[in-house]
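The structure appears below as structure tokens.
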Amino acid sequence: MEIAAVSTVSVAPQSRRVSNAFSRNLGSVSSLSFGFFEKEYCFKSPSLRVSAAASMDAVTAEKFSPASFLDKKETGVLHFVKYHGLGNDFILVDNRDSSEPKITQEQAAKLCDRNFGVGADGVIFAMPGVNGTDYAMRIFNSDGSEPEMCGNGVRCFARFIAELENLQGKHSFTIHTGAGLIVPEIQDDGQVKVDMGTPILKAQDVPTKLSGNKGEAVVEAELVVDGVSWNVTCVSMGNPHCITFGKKGGPNLKVDDLNLPEIGPKFEHHEMFPARTNTEFVEVLSRSHLKMRVWERGAGATLACGTGACALVVAAVLEGRADRKCTVDLPGGPLEIEWKQEDNHIYMTGPAEAVFYGSALL
């Protein structure tokens, strides 16, 4: 049994409204009924007005599926499904009928607002494939910027496509992203294994202005942030990452002790990163078990970052701190990461699941 609800939220500068229908699985609850109830609430800001009306009743799960819900064709309406991968949450849009996103970056940022919108770390568009790929993926961050790709987002994308296409069992397909070709494979247990390709280590391609100190790579180099020296390794997974295991000459990090909202933006906007950077702060628990907190470029502190987990395993191997196959603990849960020596590819395995369905009047 599932519960469904409807609400309205504005995503345009004018008083436009978003209708939001969502369903949540009630697990072992065998029967449930609700009387009708309604709530009205209104929030105002200089650029956004949100008003909502909600009603709730018991419905069957069969009434809600991405394929049936998104099949609705209404002019001026954006249908979407929200997914999360270890708490890294995204609004997924079926954009397979167009090579241009159905909403603007400004609208995406308003949808992602956790107080005045739906709330998400980004909006992901499933688009027609290019250059022979099955699909293309674009993403707008919660601040409206567009990153090259997102690891947790790719897993959500894969589950979204599987449900749209009604794919059962193990399946893989090719996705064109701003970071190049990505190949996810849905496993029999519902987990998604993603071939994330090869890491980029050349400093100017990450990009970073730090000088290569291990060939053309930046490994355990010194980076001064707000007067404090940190040891950092720079890796690109198609998007830039700065990984640190601690301050220069200091003890290894205890990531739970970090004031991430204070230090994260200073790394992201550091002059040594011309395209800004994602930053992973890492604690080594063992050679096969790492723990991280992440400050994502354009999204801030998030519960998980798939490309960051891949990048930090590369950094840990290059610094001699870990083996090539590791469990990476993120605030939202663990990911399994393997950097295979035989093909130089990185493989990420983790979950992704739907949260609710919604419609936005544009």
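Only this structure's heavy atoms are used, side chains among them; waters, hydrogens and symmetry mates stay out. Position 1 is the first residue of the sequence; numbering continues from there.
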Q | Arg297 side chain vs Ala275 backbone, donor-acceptor pair below 3.5 Å | A | yes
Q) Quick one: do Tyr347 and Leu330 end up in the same hydrophobic cluster if we chain Ile, Leu, Val, Met, Phe, Trp and Tyr together by side-chain heavy atoms under 4.5 Å apart? A) no
Q) So which heavy atom on Ala162 is nearest to which on Ile186, and how close? A) CB-CD1, 3.2 Å
Q.
When you measure from the centre of the six-membered ring of Phe273, is the NZ or CZ of Lys209 closer than 6.0 Å and no more than 45° off the axis?
A. no
**Q.** Asp323 side chain vs Lys325 backbone, donor-acceptor pair below 3.5 Å
**A.** no
Q) Of the non-hydrogen atoms in Thr208 and Met272, which two are nearest, and what is the gap between them? A) OG1-O, 3.0 Å
Q) After noting the C-alpha distance and the side-chain angles of Phe160 and Tyr135, does the key distance pass the side chain to side chain contact (heavy atoms under 4.5 Å, CB included) rule? A) CA-CA 12 Å; Phe160 182 55; Tyr135 305 98; over 6 Å; no
Q) Do Glu185 and Gln187 have side-chain atoms, one donor and one acceptor, less than 3.5 Å apart? A) yes
Q) Partners of Gln341 by side-chain contact (heavy atoms from CB on, under 4.5 Å), sequence neighbours excluded? A) Arg324
**Q.** Minimum heavy-atom distance Pro199-Val235, with the two atoms named
**A.** CB-CG1, 4.1 Å
Q: Would you name the heavy atoms of Pro240 and Val206 that are closest together and state the gap between them?
A: CB-O, 3.4 Å
Q: Taking the side chain as every heavy atom from C-beta outward, state whether Glu146 and Asn141 have any pair of such atoms under 4.5 Å apart.
A: no
(Q) Any side-chain to backbone donor/acceptor pair from Glu283 onto Val255? Under 3.5 Å, distance only. (A) yes
Q: Indicate whether the side chain of Asp143 and that of Ser145 have a donor and an acceptor atom separated by less than 3.5 Å.
A: yes
Q) Is the number of heavy atoms from other residues, nucleotides or ligands within 6.0 Å of CD (Gln105) greater than 12? A) yes
Q. Got a donor-acceptor contact below 3.5 angstrom from the Thr244 side chain to the Asn231 backbone?
A. yes
Q. Quick one: does Glu222's side chain get under 4.5 Å of Ser229's, heavy atoms only?
A. yes
Q.
Do Lys82 and Phe90 form a cation-pi contact, if we require the NZ or CZ to be under 6.0 Å from the six-membered ring centre and within 45 degrees of the ring's axis?
A. no
Q: Using atom types as modelled and distance alone, determine if a side-chain donor or acceptor of Asp89 lies under 3.5 Å from a backbone N or O of Tyr83.
A: no
Q: May I ask you to decide if Gly320's main-chain N or O and Arg287's side chain share a donor-acceptor pair within less than 3.5 Å?
A: yes
Q: Output yes when a side-chain donor or acceptor of Asp205 lies under 3.5 Å from a complementary backbone atom of Pro207, and no otherwise.
A: no
Q) Does a side-chain heavy-atom distance below 4.5 Å link Cys242 with Val218? A) no
Q) So, Phe125 versus Phe140, ring centres under 6.0 angstrom or not? A) yes
Q.
Would you compute the distance between atom CE of Met237 and atom SG of Cys305 and round it to the nearest 0.5 angstrom?
A. 10.5 Å
Q | Lys247 side chain to Leu253 backbone, donor-acceptor under 3.5 Å | A | no
Q: Hey, could you give me the CD/SG distance between Glu280 and Cys310, rounded to the nearest 0.5 Å?
A: 10.0 Å
Q: Check the pair Val118 / Cys112 against side chain to side chain contact (heavy atoms under 4.5 Å, CB included), numbers first and verdict last.
A: CA-CA 6 Å; Val118 173; Cys112 289; over 6 Å; no
Q) Looking at Glu165 and Arg96, does any basic side-chain N land under 4.0 Å from a carboxylate oxygen? A) yes
Q) Taking a hydrophobic cluster as the set of Ile, Leu, Val, Met, Phe, Trp and Tyr residues connected by side-chain heavy atoms closer than 4.5 Å, whether directly or through intermediates, do Ile124 and Phe173 fall within one such cluster? A) yes
**Q.** Side chains of Leu303 and Asn88 in contact at under 4.5 Å (non-hydrogen atoms)
**A.** no
Q | Given Asn278, Thr307, Thr279, Thr277, the one that forms side chain to side chain contact (heavy atoms under 4.5 Å, CB included) with Glu296 | A | Asn278
Q) Can you find a side-chain donor-acceptor pair between Glu336 and Thr327 that sits under 3.5 Å? A) yes
Q. Do Val81 and Asp94 come within less than 4.5 Å of each other through their side chains, counting heavy atoms only?
A. no
**Q.** Trp339 and Val317, any side-chain heavy atoms less than 4.5 Å apart
**A.** yes
Q | salt bridge (charged side-chain N to carboxylate O under 4.0 Å, His left out) between Arg293 and Asp256, worked out | A | CA-CA 8 Å; Arg293 291 178 68 190; Asp256 290 336; 5.3 Å; no
Q | Pair Val232-Val225, side chain to side chain contact (heavy atoms under 4.5 Å, CB included): steps then yes or no | A | CA-CA 11 Å; Val232 302; Val225 181; over 6 Å; no
Q: Please check if the side chain of Arg159 supplies one atom and the backbone of Ala352 the other of a donor-acceptor pair under 3.5 Å.
A: yes
Q) Judged by modelled atom types alone, do Asn344 and Thr198 share a side-chain donor-acceptor pair under 3.5 Å? A) no
Q. Is there a side-chain contact between Ile103 and Val123 (heavy atoms, below 4.5 Å)?
A. yes
Q: Decide yes or no for Ile346 and Ile337: does some side-chain heavy atom of the first lie under 4.5 Å from some side-chain heavy atom of the second?
A: yes
Q: Using the side chain to side chain contact (heavy atoms under 4.5 Å, CB included) rule, take Leu78 and Val93 through it: C-alpha gap first, then chi angles, then the decisive distance, then the call.
A: CA-CA 8 Å; Leu78 175 76; Val93 177; 3.5 Å; yes
Q | Shared hydrophobic cluster, Leu210 / Ile243 (ILVMFWY, side-chain heavy atoms < 4.5 Å) | A | no
**Q.** Pair His289-Asp329, side-chain hydrogen bond (donor to acceptor under 3.5 Å, both in side chains): steps then yes or no
**A.** CA-CA 8 Å; His289 195 181; Asp329 286 343; 2.6 Å; yes
(Q) On a heavy-atom basis, which atom in Glu268 and which in Trp295 lie closest, and how many Å separate them? (A) OE1-NE1, 2.8 Å
**Q.** Separation of His270 NE2 from Asp226 CG (nearest 0.5 Å)
**A.** 9.0 Å
Q. Do Val154 and Leu167 belong to the same hydrophobic cluster, where Ile, Leu, Val, Met, Phe, Trp and Tyr are linked whenever their side-chain heavy atoms lie under 4.5 Å apart, directly or via other members?
A. yes
Q.
For the residue pair Arg321 and Phe245, would you count it as a cation-pi contact if the rule is NZ or CZ under 6.0 angstrom from the ring centre and within 45 degrees of the ring axis?
A. yes
Q) Taking only residues two or more places apart in sequence or in another chain, which ones pass salt bridge (charged side-chain N to carboxylate O under 4.0 Å, His left out) with Asp121? A) Arg114
**Q.** Between CG on residue Leu86 and CD on residue Glu353, distance to nearest 0.5 Å
**A.** 9.0 Å
**Q.** Distance in Å, Cys156 SG paired with Ile161 CD1, rounded so as to fall on 0.5 Å steps
**A.** 12.5 Å
Q | Nearest-0.5 Å distance, CG of residue Leu223 to NZ of residue Lys266 | A | 13.0 Å
**Q.** Distance-minimising heavy-atom pair for Asn95 and Glu100
**A.** ND2-O, 3.0 Å
Q: Look at the side chain of Thr233 and the backbone N and O of Glu220, then say whether any donor-acceptor pair between them is shorter than 3.5 Å.
A: yes
(Q) Hydrophobic cluster membership, with links at side-chain heavy-atom distances under 4.5 Å among I/L/V/M/F/W/Y: are Leu290 and Leu318 in one? (A) yes
